[in-house]
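In what follows, every heavy atom counts, from backbone to side chain, and hydrogens, waters and symmetry copies are set aside. Chain letters run A, B, ... following the sequence lines, proteins first, then strands; residues in each count from 1. Quick caveat: nothing in here was measured; it's all calculated off a predicted structure.
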2 protein chains.
Amino acid sequence: MATGRTHRPATRSRGIPEATVARLPLYLRALTALSERSVPTVSSEELAAAAGVNSAKLRKDFSYLGSYGTRGVGYDVEYLVYQISRELGLTQDWPVVIVGIGNLGAALANYGGFASRGFRVAALIDADPAMAGKPVAGIPVQHTDDLEKIIKDNGVSIGVIATPAGAAQQVCDRLVAAGVTSILNFAPTVLSVPDGVDVRKVDLSIELQILAFHEQRKAGEETAAGDAALPAATRDDSADQGPDGDVPAVMPA
Amino acid sequence: MATGRTHRPATRSRGIPEATVARLPLYLRALTALSERSVPTVSSEELAAAAGVNSAKLRKDFSYLGSYGTRGVGYDVEYLVYQISRELGLTQDWPVVIVGIGNLGAALANYGGFASRGFRVAALIDADPAMAGKPVAGIPVQHTDDLEKIIKDNGVSIGVIATPAGAAQQVCDRLVAAGVTSILNFAPTVLSVPDGVDVRKVDLSIELQILAFHEQRKAGEETAAGDAALPAATRDDSADQGPDGDVPAVMPA
DNA sequence: GAATGTGAAGTATTTCACAGCT
DNA sequence: AGCTGTGAAATACTTCACATTC
């Protein structure tokens with residue numbers, strides 16, 4: 001099929017594994033906490049514990065960035081904070097827009113974790129004309145009509161979609177057309193985007209479903225130890241079941 | 001010495017890879033949409049496109065569940081919906097509590113995606129006495145003092161933490177002590193939990209940081225061929241959509 | 001003919017274990 | 001002595017490609 005696309009955004013120069021990139025923010029958070037407590041140095045063992053990973057993994061991760069530690073001593077906290085911040089691109093200011101100011105969008109607008117990491121909420125956008133002008137988290141909501149202008153005026157390259165699923169693709173298309181190249185999608189839908197645009201999604205109900213899977217497994221394997229009243233009779237036919245037979249259409253709307 | 005039982009009885013029987021489990025909700029969502037449009041069958045190719053993965057992966061994933069398709073034909077949509085729901089444990093009712101009813105907690109309480117997948121918000125809990133009794137999403141907020149009783153009375157095994165970071169570990173400890181064995185954590189902190197308790201985390205600012213990393217890289221590599229960046233609709237499913245490579249936040253070692 | 005299901009091959013990630021520096 | 005940095009081994013995941021089944 002001749003590889004019509006590059007799977008990863010041009011991973012040639014400095015190939016930091018995706019799995020490592022995904023953990024850098026974790027390390028950064030732990031380091032920031034240490035920095036606030038004025039801890040000067042930290043060992044891979046300590047930092048790993050604070051970040052919730054094991055130390056071999058952490059050292060391997062850091063080895064992709066360079067040799068920033070001192071053997072026999074550990075890592076200089078401030079130096080490492082800077083190096084990771086730089087690697088993640090957090091030493092610059094990232095204006096973001098949030099589209100869809102419902103409950104979730106408002107929560108995101110109020111979320112302190114953005115500002116403290118170099119992300120600045122440049123604008124809030126909603127399709128409801130009644131919202132226009134209303135301030136949320138101190139920022140006046142603007143109407144979708146002006147989306148393109150807002151993106152361009154603010155030089156926004158990162159967009160957050162918190163609209164209902166039905167509107168997400170359309171919003172996405174407009175964001176991309178206006179110049180946005182990274183999208184964080186909270187709508188429970190798969191977005192299709194042109195090459196070169198990154199999408200990450202957060203689906204709250206997916207996380208719960210994964211938990212339910214493991215929870216079910218626990219209940220099935222260990223004989224209920226300690227729990228007094230188990231609710232809900234489990235329809236357990238975990239062994240192989242017949243080819244067909246009756247197929248209960250179990251799906252709440 | 002500690003438990004060495006990290007690997008189970010090494011069977012191939014019920015060992016569904018984590019990566020596969022994490023995609024089942026995705027398939028389920030796509031299948032539900034097909035079901036609503038009364039589509040009777042679907043091929044791996046079509047379903048994969050709808051879910052945003054490639055078809056080989058999807059077939060491999062399904063092969064861990066069993067042989068639910070028909071060669072030459074495809075998959076029966078209703079049947080597959082049922083099988084995946086059952087595998088995920090969604091054929092039973094999961095009462096959940098949400099602790100921390102700030103902006104985010106309220107958004108979660110209002111989020112429709114929970115109820116539609118077998119999750120029932122059994123209670124909302126907050127530490128602020130002024131919130132007590134106030135209804136959010138139609139459910140009266142209860143005070144933290146009653147946490148243990150609420151958990152037990154409702155047979156809750158899944159808890160959602162949406163408190164500030166500072167309160168999260170304490171809330172977590174109480175949830176676990178009261179019998180909760182799965183936790184979805186929105187607070188930007190690493191929770192430590194005893195063996196047997198699952199934690200999944202969602203950190204909004206981490207997702208943005210990962211995007212920033214790639215965004216920075218794009219800007220740095222900007223080649224002269226940059227004008228192809230218009231949405232010429234490269235209809236691929238390539239996009240690295242999704243925070244799959246997640247850290248299964250388990251703790252002590 | 002069409003499309004699943006799956007060994008085998010190919011990648012990616014994690015873990016081990018220890019050489020090498022301070 | 002203590003701790004990093006890293007090849008090598010182990011494990012996990014993805015993709016290929018095709019025999020098999022309808």
Side-chain angles (χ1 to χ4, degrees), chain A residues 1-8 11-12 15-24 26-27 40-49 51-77 79-80 83 240 243-244, chain B residues 4 6-8 10-12 15-24 26-27 40-49 51-77 79-80 83 236-250 253:
Chain A
M1 60 149 144
T3 316
R5 60 195 168 53
T6 32
H7 182 63
R8 285 287 161 218
T11 324
R12 58 186 165 99
I16 300 178
E18 264 305 300
T20 294
V21 172
R23 279 187 297 265
L24 292 181
L26 234 53
Y27 301 142
T41 62
V42 67
S43 70
S44 62
E45 202 70 54
E46 294 164 331
L47 183 54
V53 305
N54 76 43
S55 64
K57 194 186 285 184
L58 176 143
R59 287 199 304 277
K60 188 61 134 183
D61 283 342
F62 286 177
S63 80
Y64 293 116
L65 309 186
S67 286
Y68 295 149
T70 307
R71 293 169 199 238
V73 178
Y75 301 93
D76 182 281
V77 171
Y79 186 55
L80 203 45
Q83 290 299 344
D240 357 65
D244 23 358
Chain B
T6 316
H7 61 76
R8 319 183 117 203
T11 52
R12 63 222 162 88
I16 300 178
E18 264 307 298
T20 295
V21 172
R23 280 187 296 266
L24 292 181
L26 234 53
Y27 301 144
T41 62
V42 67
S43 70
S44 62
E45 202 71 55
E46 294 164 329
L47 182 54
V53 304
N54 76 43
S55 64
K57 195 185 285 184
L58 176 143
R59 288 200 302 279
K60 189 59 135 184
D61 283 343
F62 286 178
S63 80
Y64 293 116
L65 309 185
S67 285
Y68 295 148
T70 306
R71 289 167 201 242
V73 178
Y75 301 92
D76 181 283
V77 172
Y79 186 56
L80 203 47
Q83 290 299 344
D236 62 4
D237 55 71
S238 72
D240 22 18
Q241 204 148 324
D244 302 8
D246 224 356
V247 190
V250 212

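- With rounding to whole Å, Arg71(A) atom CZ is found 9 Å from dC3(D) atom C1'.
- Here the P atom of nucleotide dG2(D) and the CD atom of Glu46(A) are 13 Å apart, to the nearest Å.
- In this structure, the OH atom of Tyr68(B) is 19 Å from the C1' atom of dT21(D), given to the nearest Å.
- Computed from coordinates, the Tyr64(B) OH to dT15(D) P distance equals 12 Å when rounded to whole Å.
- One atom, OH of Tyr79(A), and another, C1' of dT4(D), lie 15 Å apart when rounded to the nearest Å.
- Residue Tyr75(B) is classed as a sugar-phosphate contact, given heavy-atom separations below 4.0 Å to backbone atoms only.
- Mapping heavy-atom proximity under 4.0 Å, the span of DNA chain C touched by chain B runs 5' to 3' from dA2(C) to dA8(C).
- In this structure, the side chain to side chain donor-acceptor pair (under 3.5 Å) partners of Thr20(B), at least two apart in sequence or on a different chain, are Asp61(B).
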task = Using the side-chain contact (heavy atoms from CB on, under 4.5 Å) rule, take Leu47(A) and Phe62(A) through it: C-alpha gap first, then chi angles, then the decisive distance, then the call.
result = CA-CA 12 Å; Leu47(A) 183 54; Phe62(A) 286 177; 3.9 Å; yes

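- In this entry the distance linking CZ of Arg59(B) with P of dA19(D) reads 15 Å, nearest Å.
- Smallest separation of non-hydrogen atoms from Ala48(B) and Asn54(B): CB-C, 3.7 Å.
- Contact of the Tyr75(B) side chain with the Arg59(B) side chain is registered, since non-hydrogen atoms from C-beta on lie closer than 4.5 Å.
- Residues Val53(A) and Tyr27(A) have side chains in contact (heavy-atom distance under 4.5 Å, counting atoms from C-beta outward).
- When all heavy atoms of Leu65(A) and Ile16(A) are compared, the pair lying nearest together is CD2-CD1, 3.6 Å.
- Atom CZ of Arg23(B) and atom C1' of dC13(D) are 8 Å apart (whole Å).
- Where Glu45(B) and Lys60(B) meet DNA chain C, the nucleotide closest to each residue was compared, and Glu45(B) sits on the side nearer the 5' end.
- The phosphate of dT15(D) has OP1 or OP2 within less than 4.0 Å of a side-chain N or O from Asn54(B).
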